[in-house]
Amino acid sequence: MSKTKTAFFCQNCGYETVKWLGQCPSCEQWNTFVEELIQKEVQKNNNGWKDYHEEKRINKTISLSGIKSSEEKRLITPDAELNRALGGGIVPGSIVLIAGEPGIGKSTLFLQIGLWLKDNVVLYVSGEESEQQIKMRADRLKLNAVASPGENFYLLTETSTQIIFQEIKKLRPQLIIIDSIQTLQTPFIDSSPGSVSQIRECAAEFQRFAKETNTPVFLIGHITKEGSIAGPKILEHMVDTVLQFEGDRHYAYRILRTLKNRFGSTAELGIYEMTDEGMKGVLNPSEILITQKEDQLSGIAIAATIEGMRPLLIEVQALVTQSVYGTPQRTVSGFDLRRLQLLLAVLEKRGGFHFGIKDVFLNIAGGLKVEDPSIDLAVLCALLSSFEDVSMSQHICFAGEVGLSGEIRAVNRIDQRIAEAEKMGFEKIIVSKYNQKGLAKQKFNIEIVTMGRVEEVYKYLF
Ligand SMILES: [Zn+2]
């Protein structure tokens, strides 16, 4: 006899409680608790994959010296960007969460990766689209030209985890892609798909499966812009690796950012361009992120940033105009609004520029979101260039963080940034004077100008 039980779950962080609470003790959010049906009395120990491998893994205490330190053989995919983000390929038995906004291209990317893995049996489980829709998508992307379809790539449109595991037992895939975790449903929990308890239980089933059978599992999960939909967030601690797929859907570029990785560095990322033929890895991102222009325009500055482990030259565009309405507008895309306000305050206070009566628009080209603070100096110069309506040389780029007192602060891995600027044909780079120590200037052909304060940069450029 099974008895129906309910529990309350915080929709923000997944905290479970027996009673309704106004404020979550874990994440301190208000009014986030929702009652969900759970049913735990059903026998759930038999999922059917216990006899999946002949070699059963028996857990017993073992001396550390008795464990062979063999490097786990990773599955290297034909997608260099994914390999990079994962820290060198897929680790057997790992469980990877791919989070991103709906419609950004997660399904396209992982359908493509599944099809490309010709030598491995891949199971793609979709709870969102029908077989026909997926086939049409594959055809549209001309993926069938690269992969011979139907040989090792299997499709299952199903949402019940029990049926999925039955199919898995028959097929014995070497990689499983679940699209998406929010559509799955386990019969052991009564609440609806997408609720906190369902997501958590379904993910837990796949986690046990991955560890017991040594099969890698990719879970695709949707998040909103605010990251507020329950789901991926509560899974972060359950999975081995969290990859975030981000970008502006109006632009072609996408970033696969590693937020957590038990098997590698989190300072890695992959960059893709969305084309008619699917996601293409971008090998030289700097080249495409800088627009090539004939004439020089004001309000444009190039920043030498580091995203993940890779140097990346990014174009910053600013527009400063006379404010028409009483309250001046500040609009940003790809940059933190508060950071912009801070830089404007620095210019106002240290340089005497009256931005208070101006509208300011700031845009990072390509729709990318930049986290590296070294972009500050380029943002500041783009603002000044638009304010003065004086264009800067196209052959100059910037790398420096700006402090509250107007000082230009040192940034990390300066050599890598300078080398990238030189490679891209820039003639001059402005960096912090605090980066001078240990900087082998003679190593480079590019002219390196070092400065300590914002005022010096202004005098130098305008
Ligand atoms: Zn909470």
Side-chain angles (χ1 to χ4, degrees), residues 2-42 44 94-104 106 127-128 159-161 178-211 217-247 255-263 266 336-339 369 371:
S2 65
K3 207 173 78 191
T4 306
K5 269 189 180 176
T6 65
F8 292 86
F9 290 91
C10 169
Q11 300 296 303
N12 187 49
C13 68
Y15 186 87
E16 183 180 346
T17 156
V18 287
K19 276 192 304 192
W20 186 87
L21 297 172
Q23 188 188 22
C24 174
S26 172
C27 67
E28 300 186 339
Q29 294 287 309
W30 290 89
N31 289 324
T32 53
F33 281 92
V34 169
E35 187 173 20
E36 291 179 8
L37 280 170
I38 50 167
Q39 201 175 29
K40 284 183 172 162
E41 267 68 26
V42 187
K44 64 168 174 184
S94 64
I95 183 152
V96 180
L97 173 70
I98 299 115
E101 288 170 42
I104 200 167
K106 298 185 294 294
E128 312 225 329
T159 55
S160 160
T161 55
I178 306 288
D179 184 11
S180 65
I181 183 73
Q182 272 111 335
T183 59
L184 292 190
Q185 200 165 14
T186 170
F188 306 118
I189 296 236
D190 266 348
S191 62
S192 57
S195 61
V196 173
S197 48
Q198 273 292 356
I199 290 175
R200 213 163 58 175
E201 183 56 32
C202 292
E205 285 178 13
F206 276 99
Q207 187 197 33
R208 285 193 298 271
F209 166 79
K211 300 297 162 209
V217 178
F218 283 10
L219 302 175
I220 294 176
H222 302 305
I223 46 167
T224 57
K225 244 194 182 87
E226 305 80 43
S228 61
I229 282 191
K233 232 180 161 175
I234 55 171
L235 296 180
E236 274 172 19
H237 66 279
M238 291 173 70
V239 299
D240 298 313
T241 305
V242 180
L243 301 179
Q244 185 156 300
F245 200 48
E246 55 189 51
I255 284 184
L256 191 63
R257 202 186 288 275
T258 315
L259 298 186
K260 167 188 175 179
N261 196 356
R262 277 191 191 140
F263 311 110
T266 50
D336 185 28
L337 180 63
R338 270 179 296 184
R339 190 89 203 146
K369 196 171 173 353
E371 288 176 357

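Just so it is clear, the model here is predicted, and its values are computed rather than measured. As the structure lists them, so they are numbered: ligands from 1, and atoms in each ligand from 1. Positions are given from 1 along the sequence.
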Q. How would you list, by chain and number, every residue that makes a salt bridge (Lys or Arg N to Asp or Glu O under 4.0 Å) with Glu35, sequence neighbours excluded?
A. none

Q | Set of side-chain contact (heavy atoms from CB on, under 4.5 Å) partners for Trp30, sequence neighbours left out | A | Gln23

Q. Roughly how far apart are Ile181 CD1 and Ile199 CD1, rounded to 0.5 Å?
A. 7.0 Å

Q.
Is there a side-chain contact between Gln11 and Val196 in this structure, where contact means two heavy atoms from C-beta onward sitting under 4.5 Å apart?
A. yes

Q: Tell me the protein N, O or S atoms under 2.8 Å from the Zn ion (ligand 1), in chain and number order.
A: Cys10 SG, Cys13 SG, Cys24 SG, Cys27 SG

Q: Specify the closest pair of heavy atoms between Ile223 and Gln244, including all atoms of both residues, with the distance to one decimal.
A: CD1-OE1, 4.3 Å

Q.
List the residues meeting salt bridge (Lys or Arg N to Asp or Glu O under 4.0 Å) with Glu36, not counting sequence neighbours, and say none if there are none.
A. none

